[in-house]
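First the structure, in the form of structure tokens, and then the observations on it.
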Amino acid sequence: MRVTVKDGKAVKISGDPDHPPTQGVLCTKVTRYAERTHHKDRLLTPLRRVGKKGEDRFEPISWDAALQLAAERLGPIARRAPEAIVPYSYAGTMGLVQGESIAARFFNVLGASRLERTICAAAGAAGLRYTYGASIGMHAEYYEESELILIWGANPIASSLHFWTRAQEAKRRGAKLIAIDPYKSLTAEKCHQHIALRPGTDAALALGMIDVLVRENFIDHEYVRAHTVGFDELAARAAQYPPSRVAQICGIDENVVVELARAFGSTKKAAIRLNYGMQRVRGGGNAVRAIASLPSLTGAWRERAGGLLLSSSGWAPIDGSALERPDLLPDWPSKTPRAINMNAIGDALLHPGDETFGPKIEAMIVYNSNPVAVAPDSAKVEAGFAREDLFTIVLEHFQTDTADYADLILPATTQLEHLDVHKSYGHTHVMANLPAIQPVGEARPNTEIFRGLARAMGLVEPALFETDEQIASKAFRWDDRTLHGQSWDTLKASGWLELDIAEAPLAEGAFRTPSGKCEFYSERLRSEGLDPLPDYLPPYESADGSPELAARYPLAMISPPARNFLNSSFVNIESLRAAEREPHLDIHPFDAKTRGIGDGAQVRIFNDRGSMQARARVTERAREGVVVGLSIWWKKLSPDGCNANQVTSQALTDLGRSATFYDCLVEVEPMH
Ligand SMILES: Nc1nc2c(c(=O)[nH]1)N[C@H]1C(S)=C(S)[C@@H](COP(=O)(O)OP(=O)(O)OC[C@H]3O[C@@H](n4cnc5c(=O)[nH]c(N)nc54)[C@H](O)[C@@H]3O)O[C@H]1N2
Ligand SMILES: Nc1nc2c(c(=O)[nH]1)N[C@H]1C(S)=C(S)[C@@H](COP(=O)(O)OP(=O)(O)OC[C@H]3O[C@@H](n4cnc5c(=O)[nH]c(N)nc54)[C@H](O)[C@@H]3O)O[C@H]1N2
Ligand SMILES: [Mo]
């Protein structure tokens, strides 16, 4: 990003045309980052709660008073039951310095609960880990040379624009683009073909493809022999998923399955852009394993324009131990504090505490996240945060739905105001983020806030007081061969560094699994008592998975991000909210008609967990049986103070214990 500064203010943000992966293009949201940074609602001073929880009544206090108050409240808990203190953080910034560096060290020194992450990607990451050994894949750049691109559970026009540039170039050169998505997203409508399967059935589709690839011999036997484990077992598993059965599970035509497999098997320049939209369901981890098997079966990895990319983040040699310092934990390494799963934070906050759970949660420190808006089963999350006996600190830019429940709000800097280092999950560059302006108001970087908390609590561990520069210089293992000859100084001087990774990185195998091969069959899964082969697991909430529930709540709801929002960030930026207008629900004409719902009607979406209001858009973009509410709205900026997470569930995925936002049955009725 390049920032134009005038009189100490950022006035314009633009992409850097010299940066190879992004080529000077920014997504719509980030072009508004100056508007967001200098927004009239930016939090400028620490605030202390004076009203009831959630009432949004606060008064300004000084930093000294704020840190002292925090220390007075946290200190006794830390001495008595440190695990009663819980951090909550995720995607606000994904910078390595302003994310889990001083923050993680602070919680480690206290012996606080750990947070089991992520709310986003853990099923997919586990799927890749068991299959490839790490979050690695093909280069985004070479998709432009692909002959076939499957855009699978991904909406790149909204969520990863720079990949889309490559896909469009491939299209111009004659490639076929196929979207696999229950919803006709902005991306799906621009592909040559759109396969609108039922949510959560992707593993069945992939297994059906494998069955066809095997029976019609599209297999690269040499690649399979040299670089994979468990072909025969996988083929036997896939034989249980003939196209006719897959068609029924997925709600698509049989010949679509067969043709998709044939297309994929017919060229080695076949590339899958998988993304996290397809793994937010019960079987998300297994689905990623099944799909990740495809390019290893056909040998697509031999070509730089073939293979798969879900995440490239495993290429970056991040030094997690140097950043987070787990060795600072009181009983490291013999014992670690309990982990609270961030996707079930509602239940955790409402838990009275017992032998198994451990102590009741008494304090939450929230940074880089807005759990009251983004975490599932929101009524419980809100009830948890509303507990008068819970002490909550929120580090924020804005008065979010979560900040409303804080006892203490601490104003944080944005990316324009602080120093950071970034990896990417969509390309293979690492980046330095240098401050462009002074902090707005009295805002402080997360690191500085945690240093202040540590000081106020009388902690003396030197690692808590390292500077941002010192931390940044340790973020990567500079001796890794992807970064040879580089250092923090060269990164800072150039702004970014390209990791040195082969053009076709898995052409010769070199997977990072224990066997060094692509593990269709995973011995590790077997030893953990899990299915060693990928399988289709029906969604928790589906006619297959829970017929009784499906009878009461027949519609599957998905709530992927709206183009102009970044999860719940940017929702309060007027120009972007104006583009999204108001919460909508896309519903198929047949489903609308049987419920008496007209286009533009206000509807109530509900299940046993809760309800929300939205304006219906009757459209074939939503397949029959599926409704789509683009998200994530701030509750307080929604007509009824509710958003999609009122209806989503806290159930966890098969692998990775991730969130299941798109595994959610509802009913919809018109409002009168
Ligand atoms: N504009 C914008 N960009 C973003 C974000 C944002 O909020 N806004 N968020 C960022 C973050 S944190 C993430 S994780 C990524 C998310 O971006 P993606 O990984 O692309 O994931 P989603 O947008 O959740 O979903 C992508 C598509 O998957 C479809 N989908 C839902 N369920 C299923 C299913 O069961 N099977 C299949 N095949 N498809 C399904 C959805 O309809 C959607 O069109 O984007 C990042 N980029
Ligand atoms: N229904 C539904 N729910 C979802 C999803 C979905 O698709 N549907 N997507 C899920 C996914 S993929 C994700 S990743 C999560 C994301 O959920 P979160 O991790 O909560 O991310 P954001 O909603 O972007 O909110 C981040 C907050 O961090 C603040 N912030 C940004 N930078 C900084 C900083 O430097 N310091 C501090 N202190 N604060 C900062 C922002 O102001 C913002 O309010 O949501 C999940 N929730
Ligand atoms: Mo995410």
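These numbers come from the heavy atoms of this one structure, side chains and all, not from hydrogens, waters or symmetry mates. Keep in mind it's a predicted model, so treat the numbers as computed, not measured. Indexing begins at 1, ligand by ligand and atom by atom, following the structure's order.
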From [options] - option closest to [atom] by heavy atom:
atom                    : options                        : result
atom 15 (C) of ligand 2 : Val97, Ile119, Thr648          : Ile119
atom 19 (O) of ligand 1 : Asn275, Asn155, Ile157         : Asn275
atom 2 (C) of ligand 1  : Phe565, Tyr90, Tyr183          : Phe565
atom 23 (O) of ligand 1 : Ser568, Ser159, Cys250, Pro561 : Pro561
atom 42 (O) of ligand 1 : Asp181, Asp586, Ile632, Val626 : Asp181
atom 32 (N) of ligand 1 : Ala287, Pro199, Gly277         : Gly277

Give the residue, atom name and distance (to 0.1 Å) of the protein heavy atom nearest [atom].
atom                    : result
atom 9 (N) of ligand 2  : Asn567 OD1, 3.7 Å
atom 41 (C) of ligand 2 : Arg36 NH2, 3.4 Å
atom 43 (C) of ligand 2 : Glu396 OE2, 3.3 Å
atom 26 (C) of ligand 2 : Gly92 CA, 3.4 Å
atom 24 (O) of ligand 1 : Tyr662 OH, 2.6 Å

Ionic contact status for Arg451 with Asp468, cut-off 4.0 Å: yes

Salt-bridge present (Glu35, Lys40; N to O < 4.0 Å): no

Classify the contact between [X] and ligand 1 as side chain, backbone, both or neither, using a heavy-atom distance cut-off of under 4.0 Å.
X      : answer
Asp202 : side chain
Ala562 : backbone
Tyr425 : side chain

[X] to ligand 1: N or O pair under 3.5 Å?
X      : value
Arg198 : no
Ala158 : yes
Gly200 : yes
Arg280 : yes

Pairwise side-chain contact, Ile272 with Phe264, heavy-atom cut-off 4.5 Å (strictly under): yes

Sub-4.5 Å side-chain heavy-atom contact between Val288 and Asn286: no

Ring centre gap for Phe398 and His39 strictly below 6.0 Å: yes

Which of the ligand 1 atoms, numbered from 1, are nearer than 4.0 Å to a heavy atom of Cys120: 14 (S)

Trp152 neighbourhood, listing ligand 1 atoms whose heavy-atom distance to it stays under 4.0 Å: 38 (N)

Sub-4.0 Å heavy-atom contact, His397 with ligand 2: yes

Spacing of Arg166 atom CZ and Leu309 atom CG [to the nearest 0.5 Å]: 12.0 Å

Part of Val374 within contact of ligand 2 (heavy atoms, under 4.0 Å): both

